[in-house]
Protein chains: 2
Amino acid sequence: MNALDSLIAQFAKLPGLGPRSARRVVLHLIRNREKLLDPLITTLTDTSATIRNCTACGNLDVCDPCSICADNRRDTSQLCVVEEISDLWAIERSRMFRGRFHVLGGALCALDGKGPDQLNIDSLVARAASPTVTEVILATNATVEGQTTAFYISDRLVNCNVHISRLAHGIPIGGELDFLDEGTLGAALKARLPVG
Amino acid sequence: MNALDSLIAQFAKLPGLGPRSARRVVLHLIRNREKLLDPLITTLTDTSATIRNCTACGNLDVCDPCSICADNRRDTSQLCVVEEISDLWAIERSRMFRGRFHVLGGALCALDGKGPDQLNIDSLVARAASPTVTEVILATNATVEGQTTAFYISDRLVNCNVHISRLAHGIPIGGELDFLDEGTLGAALKARLPVG
């Protein structure tokens, strides 16, 4: 297998890509060697050499503690618990949360053999026990696994002196009622708010 | 912009990927640093250093002439003309052609300012003039641009002593009549073959 076939095979293994799109990407990269391929090699090498997990929250960054944990302007009293780093990034994009994060590394799932020991729950309990932390926001996914994990964590935090909250359920902004599932509509109705 | 953001931005520019899928790919790569990220860097570096265009046919390979042009077992009398390297790869995957290729590097397109000088047509005429070549197969796309290009090339080859052919039009294998356009159905009817 030459470099080209091996490169296509490696791209085809990435999430969301298959053999066909991998061939397209590789051809595109080779056609733009100076503008795309060589800069990509440099950035990948940089990333592999510098990116590490934050020992405090589990985020990925070039420094440890990560730039969020190291930022003194952020609120140290709020801890937002997420399943994955991609969830942390999503909340950061909303620009609505100025506290710190804790990445669990997944959710409890008996089928996949994911128990509490496979998740960063002990370190979360230790952080929540710190007197500076007053609120833990459980921002796990609204799936069975995510909600089970949130329930388990709220149980584990019962002896920490913290307020525990979860994300609101309801209609997504821009969502059309006709396309929403009954679970979401029901939750939105139940959590209805007074107008005016 | 740190290495991570820059890497996501570079992946997001690749064909078929956007910001969302780029984030997924980058997280996946970093999570599997030893198994995916580092091998990918090695292969990309290898590719950038070794892959070149074949001066004879325009294919991409680690050697020049490419492995197809250098293969003595392949038929030197047949020349298959394609628009892009991806078309060459597609025909190779069919395993039905044992001759050599000629990559034009696109098709004639007045709107994009692609004239005959921007395509590898002169070198094709030179190759077709060789006494070893007896047949030129025009395997350009079945689009207006591809067919215009094929027509132009057949005109340019009129003084070469070669048989000029094109790919058959018809119903794709596995295709359902109901989903085919009328152009394809009409072509398939016109080119119908006796049964038994």
Side-chain angles (χ1 to χ4, degrees), chain A residues 1-11 13-53 59-63 66-67 84-90 93 103 105-106, chain B residues 1-11 13-53 59-63 66-67 84-90 93 103 105-106:
Chain A
M1 198 191 252
N2 69 25
L4 201 59
D5 294 329
S6 151
L7 188 59
I8 293 172
Q10 286 179 53
F11 267 103
K13 273 189 285 183
L14 297 179
L17 289 166
R20 197 190 183 81
S21 44
R23 282 195 296 270
R24 259 180 80 202
V25 164
V26 168
L27 262 183
H28 186 74
L29 282 173
I30 295 174
R31 277 208 200 102
N32 302 279
R33 201 173 298 201
E34 279 85 33
K35 257 183 66 186
L36 294 179
L37 178 54
D38 293 341
L40 182 64
I41 293 173
T42 313
T43 319
L44 279 168
T45 312
D46 277 5
T47 306
S48 177
T50 59
I51 296 289
R52 62 204 73 241
N53 281 98
N59 188 18
L60 282 170
D61 209 333
V62 289
C63 44
C66 73
S67 55
E84 300 285 356
I85 294 162
S86 47
D87 302 329
L88 184 161
W89 292 354
R93 284 197 299 279
V103 180
Chain B
M1 196 190 251
N2 68 24
L4 201 59
D5 294 329
S6 151
L7 188 59
I8 293 172
Q10 285 179 54
F11 267 103
K13 274 191 287 184
L14 297 179
L17 290 166
R20 198 189 180 81
S21 43
R23 281 196 297 270
R24 257 180 82 202
V25 164
V26 168
L27 262 184
H28 187 74
L29 281 174
I30 295 174
R31 275 209 202 101
N32 302 278
R33 202 173 298 203
E34 279 86 32
K35 256 182 69 185
L36 293 179
L37 178 55
D38 293 339
L40 182 64
I41 294 174
T42 312
T43 319
L44 279 168
T45 311
D46 276 5
T47 307
S48 178
T50 58
I51 296 289
R52 61 205 74 241
N53 282 99
N59 187 19
L60 283 171
D61 208 334
V62 288
C63 43
C66 72
S67 55
E84 302 285 357
I85 293 161
S86 46
D87 303 329
L88 183 160
W89 292 353
R93 283 197 299 278
V103 180

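Both backbone and side-chain heavy atoms feed into the values below; hydrogens, waters and symmetry mates do not. Remember, predicted model here, so these are calculated numbers, not experimental data. In what follows, chains are A, B, ... by sequence order, proteins preceding strands, each numbered from 1.
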Please lay out, stage by stage, how B:R33 and A:I51 fare under the test side-chain contact (heavy atoms from CB on, under 4.5 Å).
CA-CA 10 Å; B:R33 202 173 298 203; A:I51 296 289; 4.2 Å; yes
Would you sort out whether A:K13 and B:K35 count as a side-chain contact (heavy atoms from CB on, under 4.5 Å), showing the intermediate values?
CA-CA 11 Å; A:K13 273 189 285 183; B:K35 256 182 69 185; over 6 Å; no
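The local environment of CZ in A:R24 is sparse, with at most 12 non-hydrogen atoms from other residues, nucleotides or ligands closer than 6.0 Å.
Chosen from A:T47, A:L14, A:D61, the residue pairing most often with chain B at heavy-atom distances under 4.5 Å is A:T47. Counting heavy-atom pairs under 4.5 Å between each of A:G16, A:P15, A:A3 and chain B puts A:P15 at the top. Per-residue counts of heavy-atom pairs under 4.5 Å with chain A were compared for B:L4, B:N53, B:T42, B:I85; the largest is that of B:L4.
With values rounded to the nearest 0.5 angstrom, B:H28 atom NE2 is found 13.0 Å from A:S86 atom OG. To the nearest 0.5 Å, the span separating OG1 on B:T43 from CG on A:D5 amounts to 11.5 Å. To the nearest 0.5 Å, the span separating OG1 on B:T50 from CG on A:N2 amounts to 7.5 Å. To the nearest 0.5 Å, atoms CG (A:D46) and CD1 (B:I41) are separated by 9.0 Å.
Of the two parts of A:R93, only the side chain, counted from C-beta on, holds a non-hydrogen atom closer than 4.5 Å to a non-hydrogen atom of chain B. The contact between A:L37 and chain B is made entirely by side chain atoms (from C-beta outward), counting heavy-atom distances below 4.5 Å. Proximity to chain B is absent for every atom of A:S21, based on heavy atoms less than 4.5 angstrom apart. At a 4.5 Å heavy-atom cutoff, the contact between A:I30 and chain B is made by side-chain atoms alone. Interface residue A:L44: backbone and side-chain heavy atoms are both found under 4.5 Å from chain B.
Side-chain contact check for A:L60 versus B:L27: some heavy-atom pair is nearer than 4.5 Å.
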